[in-house]
Amino acid sequence: MPKKYQELEGLTVRVDDIVYMPSLDAPADKPHPFVYFITIVNESTERVRILGRKWVVREREGEVCVVEGDGVVGQTPALEPGDDFSYNSYHVIGDDAVASGSFFGTTAEGKKVLAKVPEFKLELPDWA
C-alpha cells in the first residue's frame with residue numbers, strides 16, 4: 001500500500017486467539033492450518049471504513065507469503081468511534097511462522113489511515 005496511509009491514534013487491532021486446526025483442508029506442502037480471531041477497535045474520534053488488508057507470513061525456513069486484498073472477509077466495515085469489528089480467518093503453513101500486517105481504510109473526511117496487526121506466532125504443537 002502507498003505510504004500516504006498513516007496510523008490513526010485509537011484505531012487498533014487485537015489478536016484474540018490463534019488455534020491450530022488440523023481438521024481443515026490444507027495442501028500437502030502446507031499441511032498445518034491455523035485459525036486466527038481478530039478484532040479491529042476504533043477508539044479514535046473519527047468514523048473509519050476498512051477497505052483492505054495486507055498480511056505477511058514468514059515461515060521459520062525463510063519462505064514469505066504476502067496476502068493483500070480488498071475488504072475484510074468480504075466486507076468493508078464502517079466503524080464509528082467506540083465500535084469494533086471481529087472476524088476469523090485462517091492460514092496454512094508448512095512450518096512454524098510469524099504473521100503481521102495492517103488494515104487500511106479512510107475516515108469520513110477521506111483521510112487514508114491504517115492500523116497495524118501486532119505480530120503473532122503460528123507455532124505447531126508438539127503433537128502435530
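Only a predicted model underlies this, so the values are computations on that prediction, with no experimental measurement involved. Keep in mind that the numbers below use all heavy atoms, side chains included, and drop hydrogens, waters and symmetry copies.
Contact record, Gly71 with Thr76: CA-CG2, 4.1 Å, taken as the closest heavy-atom pair. Nearest heavy-atom pair across Pro33 and Tyr90 is CB-CD1, 4.4 Å. Residue Pro31 comes nearest to Ala28 through the heavy atom pair CD-O, 3.6 Å, listed as atom of the first residue, atom of the second, then distance. In terms of heavy-atom proximity, Val15 sits nearest to Pro118 at CG2-O, 4.0 Å.
Proximity of Ile38 to Ser89: side-chain heavy atoms (C-beta onward) are nowhere separated by under 4.5 Å.
Contacts of Ala78 classified as side-chain contact (heavy atoms from CB on, under 4.5 Å), with partners at least two apart in sequence or in another chain: Arg47, Arg49. With sequence neighbours left out, Phe103 forms a ring pair (Phe, Tyr, Trp, His ring centres under 6.0 Å) with no residue at all. Every residue two or more places apart in sequence or in another chain that forms a salt bridge (charged side-chain N to carboxylate O under 4.0 Å, His left out) with Asp96 is listed here: Arg60. Partners of Thr39 by side-chain hydrogen bond (donor to acceptor under 3.5 Å, both in side chains), not counting sequence neighbours, listed by chain and number: Arg14, Asp16, Ser86. Take Ala97 and apply the side-chain contact (heavy atoms from CB on, under 4.5 Å) test, not counting sequence neighbours, and it matches Val57, Glu59, Ile93, Leu122. Contacts of Glu63 classified as side-chain hydrogen bond (donor to acceptor under 3.5 Å, both in side chains), with partners at least two apart in sequence or in another chain: Lys30. Under the side-chain contact (heavy atoms from CB on, under 4.5 Å) criterion, Glu61 pairs with Asp95, not counting sequence neighbours. In this structure Phe85 satisfies the ring pair (Phe, Tyr, Trp, His ring centres under 6.0 Å) test with no other residue, sequence neighbours excluded.
To the nearest 0.5 Å, atoms CG (Leu79) and CD (Glu46) are separated by 12.5 Å. Taken to the nearest 0.5 Å, the CG atom of Leu11 stands 11.5 Å off from the CG atom of Asp84. Here CZ of Phe104 is found 11.0 Å from CG of Leu51. Values are rounded to the nearest 0.5 Å.
Hydrophobic clustering (ILVMFWY, side-chain heavy atoms < 4.5 Å, transitive): Ile18 and Val67 are in one cluster. Taken together through direct or relayed side-chain contacts under 4.5 Å among Ile, Leu, Val, Met, Phe, Trp and Tyr, Val19 and Val92 form part of one hydrophobic cluster. Neither Ile40 nor Leu114 shares a network with the other; the hydrophobic side chains, linked directly or stepwise wherever heavy atoms of I, L, V, M, F, W or Y lie under 4.5 Å apart, form separate groups for each.
Side-chain contacts under 4.5 Å among hydrophobic residues (ILVMFWY), followed directly or transitively, place Val56 together with Val64, Val66.
Pairs passing the ring pair (Phe, Tyr, Trp, His ring centres under 6.0 Å) check and including a residue from residues 21-68, sequence neighbours excluded, read Tyr20-His32, Tyr20-Phe34, Tyr36-Trp55, Tyr36-Phe120, Trp55-Phe120. Identified under the side-chain hydrogen bond (donor to acceptor under 3.5 Å, both in side chains) test for residues 100-126, with sequence neighbours left out: none.
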